Structures are given as structure tokens and as C-alpha cells.
Amino acid sequence: MVSVIIPTYNRKELLRRAIQSVLNQTYEDFELLVVDDGSKEQSLSFEEHKDSRIIYTHFDTNRGKVAVLEDGIKMARGNYIVIVDDDNELLPTFLQETIPLLEKSPDYIG
């Protein structure tokens with residue numbers, strides 16, 4: 001139902017918290033696309049999450065946030081797209097509260 005995209009570049013510790021905030025959602029029908037824009041630091045170990053909803057893509061070169069977001073949007077399979085910066089965290093009920101509002105108002109853009 002929902003594709004959550006986290007673009008990232010060299011922010012492993014912040015990224016870990018952003019990912020966990022998505023995995024802690026009370027609404028569970030989502031995929032999590034982590035799109036790494038050529039980070040030079042050690043990539044995050046996704047084995048620690050053991051969650052099949054996480055799709056991790058790493059690019060070899062840094063192309064900028066817009067290019068990474070475009071790639072994430074192309075990969076997204078959900079009806080809705082939520083973009084979370086790698087230094088942000090979602091409250092646990094964010095998707096549960098937001099999706100019904102969007103369902104009620106399909107023309108809503110904001």
C-alpha cells in the first residue's frame with residue numbers, strides 16, 4: 001500500500017534511527033526503500049533488521065538527492081509514497097493516521 005523512501009548519504013547512525021522509526025509503525029502494509037547515494041562509509045548491516053519489507057539500493061557514485069529520489073520513486077510499488085530524510089524519524093502511528101486521510105480525500109495533494 002505505501003512505499004517509504006529514505007534517501008541517504010554517509011549518515012549511517014542517523015539512518016539506523018530513521019529505519020527503525022519506519023519499522024516501528026503500527027500500520028504494517030509498507031515497503032521501505034533505502035536508497036544510498038554512493039556513501040563512502042561502511043554500509044549499514046541490514047541483517048540486523050531481518051525484515052523483508054526493506055529494499056536497499058546502493059549507487060557507486062554520489063549523484064545528488066534529486067536523482068536518488070527519482071530512482072526511489074521509480075522503484076516504488078505502493079499506492080502512496082512517503083519520503084523520510086535519513087535524519088528524521090516517524091512517530092509510530094504516522095502511517096496509521098495518514099493513510100485513512102488520503103483514502104478519504106484521493107484528490108488531496110500536500
Side-chain angles (χ1 to χ4, degrees):
M1 174 69 77
V2 180
S3 295
V4 179
I5 301 171
I6 302 178
T8 190
Y9 178 71
N10 285 339
R11 298 176 93 171
K12 182 170 77 171
E13 290 310 312
L14 293 172
L15 175 61
R16 180 177 279 117
R17 291 174 57 181
I19 290 171
Q20 194 59 54
S21 80
V22 176
L23 295 178
N24 289 342
Q25 292 299 297
T26 55
Y27 182 94
E28 297 182 355
D29 189 9
F30 65 84
E31 65 179 353
L32 173 55
L33 304 166
V34 178
V35 188
D36 189 326
D37 192 22
S39 292
K40 303 296 183 231
E41 64 184 17
Q42 176 67 31
S43 295
L44 191 64
S45 171
F46 284 92
E47 296 81 40
E48 69 186 78
H49 294 292
K50 296 184 187 339
D51 195 307
S52 62
R53 296 173 294 182
I54 299 174
I55 300 164
Y56 178 73
T57 303
H58 180 270
F59 292 97
D60 292 332
T61 59
N62 180 263
R63 300 171 305 133
K65 188 172 182 177
V66 172
V68 170
L69 284 173
E70 287 175 349
D71 289 331
I73 291 168
K74 288 177 189 172
M75 290 185 276
R77 297 175 296 176
N79 295 332
Y80 301 105
I81 294 175
V82 174
I83 297 170
V84 178
D85 287 334
D86 59 7
D87 62 346
N88 288 337
E89 297 177 46
L90 297 179
L91 294 172
T93 59
F94 176 80
L95 294 177
Q96 180 180 344
E97 293 173 8
T98 303
I99 299 309
L101 294 174
L102 294 173
E103 294 285 311
K104 284 185 207 174
S105 306
D107 296 330
Y108 175 75
I109 299 174

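The analysis underlying the following values was restricted to heavy atoms, covering all of them including side chains, and did not include hydrogens, waters or symmetry mates. This is a predicted model, so every value here is computed, not measured.
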Determine yes or no for a side-chain-to-main-chain donor-acceptor pair under 3.5 angstrom, with N88 supplying the side chain and V84 the backbone. no

Mind listing the closest non-hydrogen atom pair of R77 and S3 along with its distance? N-OG, 3.2 Å

Quick one: pull up CG in D51 and CG in L32 and give me the separation to the nearest 0.5 Å. 8.0 Å

Please name all residues satisfying side-chain hydrogen bond (donor to acceptor under 3.5 Å, both in side chains) with N79, sequence neighbours left out, ordered by chain then number. none

Would you mind listing the cluster partners of I81? Hydrophobic ones only (ILVMFWY), side-chain contacts under 4.5 Å, chaining allowed. I5, L33, V35, I55, F59, V68, L69, I73, M75, I83

Any side-chain heavy-atom pair from T8 and L14 closer than 4.5 angstrom? no

Between the side chain of N10 and the main-chain N/O of S39, is any donor-acceptor distance below 3.5 Å? no

Side chains of E103 and M1: closer than 4.5 Å at any heavy-atom pair? yes

Working to the nearest 0.5 angstrom, can you tell me the gap between N62 CG and D37 CG? 4.0 Å

Heavy-atom closest contact (S21 atom, E89 atom, distance): OG-CA, 3.4 Å

Distance col, row L95:CG vs Y80:OH, nearest 0.5 angstrom, shows 12.0 Å

Taking all atoms of both residues into account, what is the closest heavy-atom pair of F30 and V22, and its distance? CZ-O, 3.4 Å

Please report the closest heavy-atom contact between V82 and F94, naming both atoms and the distance. CG1-CE2, 4.0 Å

Closest non-hydrogen atoms of R53 and E28, given as atom of the first, atom of the second and distance, are NH1-O, 3.1 Å

Hey, are the side chains of T57 and D71 touching, using non-hydrogen atoms and a 4.5 Å cut-off? no

Linked hydrophobic residues, V66 as query - side chain contacts closer than 4.5 Å: none

State whether the side chain of Q96 and the backbone N or O of T26 hold a donor-acceptor pair below 3.5 Å, judged by distance alone. no

Would you give the length of the straight line joining atom CG of N24 to atom CD1 of I19, rounded to the nearest 0.5 angstrom? 11.5 Å

Flag if over 12 foreign heavy atoms under 6.0 Å of CZ, R63: yes

Rounding to 0.5 Å, atoms OG1 (T93) and CD (Q25) come to a distance of 7.5 Å

Between the side chain of D85 and the main-chain N/O of D87, is any donor-acceptor distance below 3.5 Å? no

